[in-house]
Amino acid sequence: MLWTLWQHSASSQIRQEFKVLEEQPIGTYVGTIETKPSFTYRFSENHKLFAINGTTGVIYTTSVIDREEVFYRVDISEDVPKGSYIKGVSATDGDSGQNANLRYSLVSGNSLGWFSISENSGLVTSAALLDREIASEVVLNISAKDQGVQPRVSYTKLIVNITDVNDQIPTFTQSSYHVSFVEHSPAGSELLVLSATDDDLGANGTIRFLFDPETPSSVQNLFRLDSVSGRLSTAVELDRENQASYLLSVQAKDSGLPPLHSVSKVNVMLQDINDNRPVFYPVQYFANIKENEPSGSYVTTVSATDPDLGRNGTIRYSMTAGDNFKFHINANTGQITTLVPLDREEKTAHQLQVRATDGGGLHSRAQAIVTITVIDTQDNPPTFSQVIYSFVIFENIKLHSVIGIVSASTLDLNTNITYLITSGDQRGVFAIDGATGVINAASQIDREEQAFYQLKVIAKGGEVTGQAFVNITIKDLNDNAPYFSHAVEHVSAVENWGTGHHIFQAKATDQDDGSNGMLTYSLKQNPKGLFHIHEKHGLITLTGPLEVTTSSYQVEVLASDLGVPQRSSSLILTVSVYDVNDNSPVFDQLSYEVTIPESEVVNSRFFQVEATDKDSGLNGEIAYDIVGGNAGDIFGIFPDGQLYIKAELDREVQERYHLLLVATDRAVEPLSATVNITVILEDVNDNRPLFNSTNYVFHFEEEQERGSPVGRVFAEDRDFGPNSEVRYAFETPQANFELDAITGELTSTLKLDREGLMRQRGAAVFSFTVISSDQGLPKPLHDHAKVQVYVRDVNDNLPRFTKDIYQASVSESAQNGTQLLRVSASDVDEGRNGLVHYQIEEGNEEGRFSIDSGSGQVALVGGLDYEATASYSLKIIAVDAGAVPLSSSCMLSVSVLDENDNSPSFPKAALTVDVLENMRIGELVASVTATDSDSGDNAEIIYSITASNNHGTFSISPNTGSIFLVKKLDYETQALYRLNVTAKDNGRPSQSSTVPVVIHVRDFNDNPPSFPPGDIFKSIPENLPLATSVMTVTAQDTDADINGQLEYSIMQQMPRGGHFTIDPNTGVIRTCREIDREFSNLFELTVKATDQAVPAEFRRFALKNVTVWVTDQNDNIPSFVSQNALVADTTVVVGSILTTVMAFDPDEGANGEVEYEMVQGDSDTFVIDRYSGDIRVASRLEPSRLVYSLTVSATDRGSDRRASRTELTVILQGVDGPVFSQPKYITILKEGQPAGTNVISLDASSPRGSGAKVEFYIVSVRCGDKSAGRLFTIGRNTGMIQTAAELDREQGSDLYLVGVYAIETEASQPRTQKAEPCDFRALSMCPEGASGVEQ
């Protein structure tokens, strides 16, 4: 597999190619790039598979490479907008020109068309809305193809994992269900199992079943619905005769945020069974028939009912006793007729028993009794005084109350008449006195159940009967409150509706009659006064514009009747406000300016604009686009306003872009806003200062004066500012020339002599390199050019060797023909005078060496033996070709070298080192030393780390063997390093040996403890026992030993009081004081975790906020705060509120909600409202009574209900009462006195003498214009006022006005007197021994 890797320095990019096999272990050597001193090298992009040593240029693997599994992976939410950033893929091509011009495309995997890729940049974006339920993972195959004549292609995969959002509504398998079910099946019988599906994941797809609020709670109580399985069963036995069918609305709701739900209907039909017997009404029948009436004459008809269905409810009649040979009964209709004429002298009265039987064989429990009297013209049946009686009564009258009297008489004076109700009262509401005909109430009468009764009354005198009808009309009392069909309603409104727009039609009903059932409507809760309701019709309209920022309003509608006492009920109406697209998007700035370096890579996001839209929904969702100034399509913008780079930037092409952005909402008729953004490209030093020639040649005549011009070099840099400022310098210092750093002018520094130069340099030409450098940061860029300066001269010099003595070495095993070295002599003259020939003059007596006369190359022509001759000394002469030859000589010393047959040796087989993890980079870790028995280069040793350097953590000096730290150590990441150090000599071939070095990293306390992110919240009930475990907080410390051992403490508790403690070792928080929600429902703790490093000043810690919520328990009894006595006028109107009793319960929710009940007292005269505590007058007060004594209970609504009682004395206002001893009472009381402290004594006496008994009552306690509750008590007989609670001047008041009444207890009519309000002043401080003063 071929990987193209790029190395970066501050001045250039170079390309090299390496090959590596797949499946190689981590750390496998890949290759080494060419490096230069002082340069640092890195990859242009972060690679997960490779790493490079920035100094040495060594590339190695950092992961096991699988050729088939090199791919990209990204997680994307399925609700991202179209055009959103997915991933940028990038390929490299080591070619140039069109051969490196890449084009990207989606090869496969995009069959859904959800994604697109930029052909030029490789940027993958969403091209459509995603749907995880269709595909949760998409694997895109992406190709990168160059544009060469024979294009080459590479492939990769982009795996897009689409994460779930809650966008699927749970769906029932049926829109409605129909269940047929036998009545009276046992509770718990299964009706059906509901099923619903939700394609979302996790909580978004977890379904719970519940009853929809549309199903009345009374119906819900009859059934059970398992929230998990969907099993619907009965909660009680159901009776078809009570209700034949039920329509249930059931929700399937997921657990997403916010949750989604759907509703299905379940129609439950009850099947009839024969569970009811026929019932006769009336049970007794009386009929008169004249004697001698023909056969078939009608007598009477009996009637029975059976509420069962079909055959089970079909009734047949039969006679079970009586003269069945004289009478016949129709089995279907119950009609009784005669079979023969009847004879009165034979029998005056006949009695029949009739049975009713249903189709299922059930008989009536009670049989009908039919009494038939045979009369003749001489009989005188009883005659009622009226054929029809009419009575009018009020509902809810007392039992046994007389309703009216019926009366019948007969001409037979000796006959006693008895009365009987035979029909019209099947429920037995009325009773009649059989002897007197007095009709009274036998049970509770409710007009709303039946408003009119017609009774048939029989008067029986002897054997004959008479009948009359009694009409009873029930008059209404206001005993029913108005009723809304739903306690909660929801409506939708649009924000731009105008004043007067109809919102909702409220409709309540009242079963009462007349004014008791006439309703008026009002708004008990009217947010911001935006709504109005028609008092009579209940139509709710707008009074002003709605605000879409308030997503919904809650309006409380009150329906009140006109009865006495007045009754009412309320409806909560939720008005949801929907948006109108009336707001354009608004950018958070009027314009933007951003500066980015021109080196920003393609597809990188560099700036985000933001616009807001006050509208909601699609009207408030914003899309962005670039509509101007984007020359070359250089920039793009994502749906979230992120600007990104679509093509490579180059400041040298364009320095500044003025983009015009538009933000548009997604409404049907969209609104938009534009903004200007200026993008300034900051220059990056990416252009070298290039010389206009790579090789400068100058000719300079000798003997010119110092400072004479030689020539000029010039370089140009396309960058800007300091990046383009060029400076010139020699690569190496030049003694003979000077280079102007600014202009590039080259001048001489001395007078040049060609012969001298030839003698000194061997040539009459200067060759050197000049460097051009810009002033860019962090490192300047450079260019190089070669400069040659030729100096002309005359021929006047002898040949001269470059050295007087030459030295060469040769191995004793060298072959004949081996070249040792080339001696060189030069003649500064020109032409033949400078042509030199060489020869060996002395030292070659054995003929082992030869020299090339033209080149001076010395070669071996005979075998050498180091042990025989270790060195040779040759004299060589050089002769020019002049007319008169001139010559010179040199010596060549040849050393015979021994072979390299010894390897370097380490003194130890292994080396172990301990270091602290806080060691500084550059510090010495250890030193290794090896020795070599050879000599010369064979004994020169070079050290290197050859394996397991762990990403270049350590480096070694190649000359000394000293190991240094080059990367920061981290004990928690790696505590052990194993290196192989190799010592290699410079022999040919070289010899080497390796020693293992083990480095142990010792821990340093460099990591503070850390808690999990986010604050901690815990809910606990109040009144927990002491030392109860509340929660456990834990922190982590990645250090070792005591550096990672943690101790916990609580730094701060609010409110103060030390309610909690923490175990220092485990972090368990426990209670250490009583937890009372009424003291505080919220505790805030600051927990500290500290490590145990030594010394203590090196210890590190972390803090965590812990919030403890306290939930309520019903641990407080309602306490009455209203006074236990009041004064009433005897003329108070019936139905008016006399007083309001109030009790306070400091518990929360239902535990603190109080209901009132009158448990003792005159309930006919007073009634109490269960919820408000209002006591109303139900009937006129008796003027002759002195007081009414009531007992009222206050009960909270907690699961374990708690109650208290109070005595309430109602004093009737009277005149000529007792006379107080003072017109006004004033006293001073010191604050902080315990309850029961005497305050002042009141005295009053009757004008009728001292024998009259007087009692005292406190009827009010006020401070300012407010009631102060039960702060004082009074002795009923003594008049001594005492404190009922400890008074605090700072928390309450410094002045209390106490209203006191005195009454005569034995008077025949009310005699009362009110004392002027008593002034009680509380002093905040009193001198020791001081006491209250009574005046």
Side-chain angles (χ1 to χ4, degrees), residues 180-185 222 236-246 268-287 298-322 324 327-337 350-372 419-432 439 441-458 465 467-474:
S180 183
F181 186 69
V182 176
E183 66 172 331
H184 291 295
S185 294
L222 302 178
V236 297
E237 281 193 15
L238 300 179
D239 188 352
R240 188 203 64 80
E241 285 70 41
N242 289 339
Q243 187 168 336
S245 65
Y246 298 89
V268 180
M269 302 291 296
L270 294 183
Q271 298 176 4
D272 185 56
I273 62 174
N274 194 22
D275 58 340
N276 293 280
R277 295 176 179 272
V279 176
F280 278 105
Y281 187 79
V283 177
Q284 294 188 32
Y285 296 84
F286 296 90
Y298 173 78
V299 179
T300 189
T301 299
V302 296
S303 176
T305 58
D306 189 325
D308 290 324
L309 286 179
R311 183 169 175 270
N312 295 333
T314 302
I315 299 174
R316 294 183 65 82
Y317 302 92
S318 62
M319 283 192 296
T320 59
N324 55 7
F327 299 95
H328 171 265
I329 187 166
N330 187 301
N332 296 319
T333 65
Q335 179 177 296
I336 299 174
T337 56
H350 301 269
Q351 192 172 69
L352 309 178
Q353 290 187 17
V354 179
R355 173 188 290 170
T357 306
D358 64 25
L362 293 180
H363 305 297
S364 56
R365 295 188 185 278
Q367 299 188 18
I369 306 298
V370 182
T371 301
I372 304 171
Y419 300 93
L420 178 69
I421 298 174
T422 60
S423 66
D425 184 23
Q426 189 168 359
R427 294 189 296 112
V429 175
F430 305 99
I432 189 168
I439 300 173
S443 64
Q444 187 73 27
I445 300 174
D446 187 355
R447 188 202 68 82
E448 285 70 45
E449 289 185 5
Q450 189 169 339
F452 176 78
Y453 295 85
Q454 187 176 63
L455 311 181
K456 182 179 179 181
V457 179
I458 297 295
T465 60
Q467 69 178 29
F469 290 96
V470 178
N471 294 336
I472 302 176
T473 301
I474 313 299

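Any value given below was found using the heavy atoms of this structure, including those in side chains, with hydrogens, waters and symmetry copies removed.
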Note: Gly428 and Ser443 closest approach over all heavy atoms is O-OG, 3.9 Å
What's the separation between atom CZ in Arg355 and atom CZ in Phe280, rounded to the nearest 0.5 Å? 10.0 Å
Hey, can you tell me if Phe327 and His350 have their rings parallel, tilted or perpendicular (30° and 60° cut-offs)? perpendicular
Can you name the residues that form a side chain to side chain donor-acceptor pair (under 3.5 Å) with Ser180, not counting sequence neighbours? Gln271
What I'd like to find out is whether the side chain of Val354 reaches to under 4.5 Å of the side chain of Tyr285, using heavy atoms alone. no
Return yes if some donor-acceptor pair links the side-chain N/O of Tyr281 with the main-chain N/O of Gly424 below 3.5 Å, else return no. yes
From the list Leu420, Asp425, Val457, side-chain contact (heavy atoms from CB on, under 4.5 Å) with Ile432 holds only for Val457
So do the side chains of Gln351 and Val370 get within less than 4.5 Å of each other, counting heavy atoms only? no
Working to the nearest 0.5 angstrom, can you tell me the gap between Leu238 CG and Ser185 OG? 8.0 Å
Working to the nearest 0.5 angstrom, can you tell me the gap between Tyr298 OH and Thr337 OG1? 10.0 Å
Test side chain to side chain contact (heavy atoms under 4.5 Å, CB included) applied to His363 and Thr357, step by step: CA-CA 4 Å; His363 305 297; Thr357 306; 2.8 Å; yes
Could you grab the distance from atom CD1 of Ile445 to atom CD1 of Ile474, nearest 0.5 Å is fine? 5.0 Å
For a 4.5 angstrom cut-off between non-hydrogen side-chain atoms, does Gln353 reach Ile369? yes
State, yes or no, whether a side-chain contact exists between Arg277 and Asp358 at a heavy-atom distance under 4.5 Å. no
Rounded to the nearest 0.5 Å, what's the gap from CD1 on Ile458 to OG on Ser423? Could you check? 8.0 Å
So Val429 and Gln450, do their side chains get closer than 4.5 Å, heavy atoms only? no
Enumerate the residue pairs fulfilling salt bridge (Lys or Arg N to Asp or Glu O under 4.0 Å) with a member in residues 300-312, sequence neighbours excluded, ordered by first and then second residue. none
Are any of the side-chain heavy atoms of Arg427 and Tyr453 separated by less than 4.5 Å? yes
Any side-chain heavy atom of Asp275 sitting closer than 4.5 Å to one from Glu241? yes
Short side-chain to backbone donor-acceptor contact, Tyr317 and Ile336, under 3.5 Å: no
Please determine whether side chain to side chain contact (heavy atoms under 4.5 Å, CB included) holds for the pair Phe286 and Thr300, giving the CA-CA distance in whole Å, both sets of side-chain angles, and the decisive distance to 0.1 Å. CA-CA 8 Å; Phe286 296 90; Thr300 189; over 6 Å; no
Nearest 0.5 Å, please: how far is CD in Gln335 from CD1 in Ile329? 9.5 Å
Got a sec, which residues hit ring pair (Phe, Tyr, Trp, His ring centres under 6.0 Å) with Phe469, two or more places apart in sequence or on another chain? none
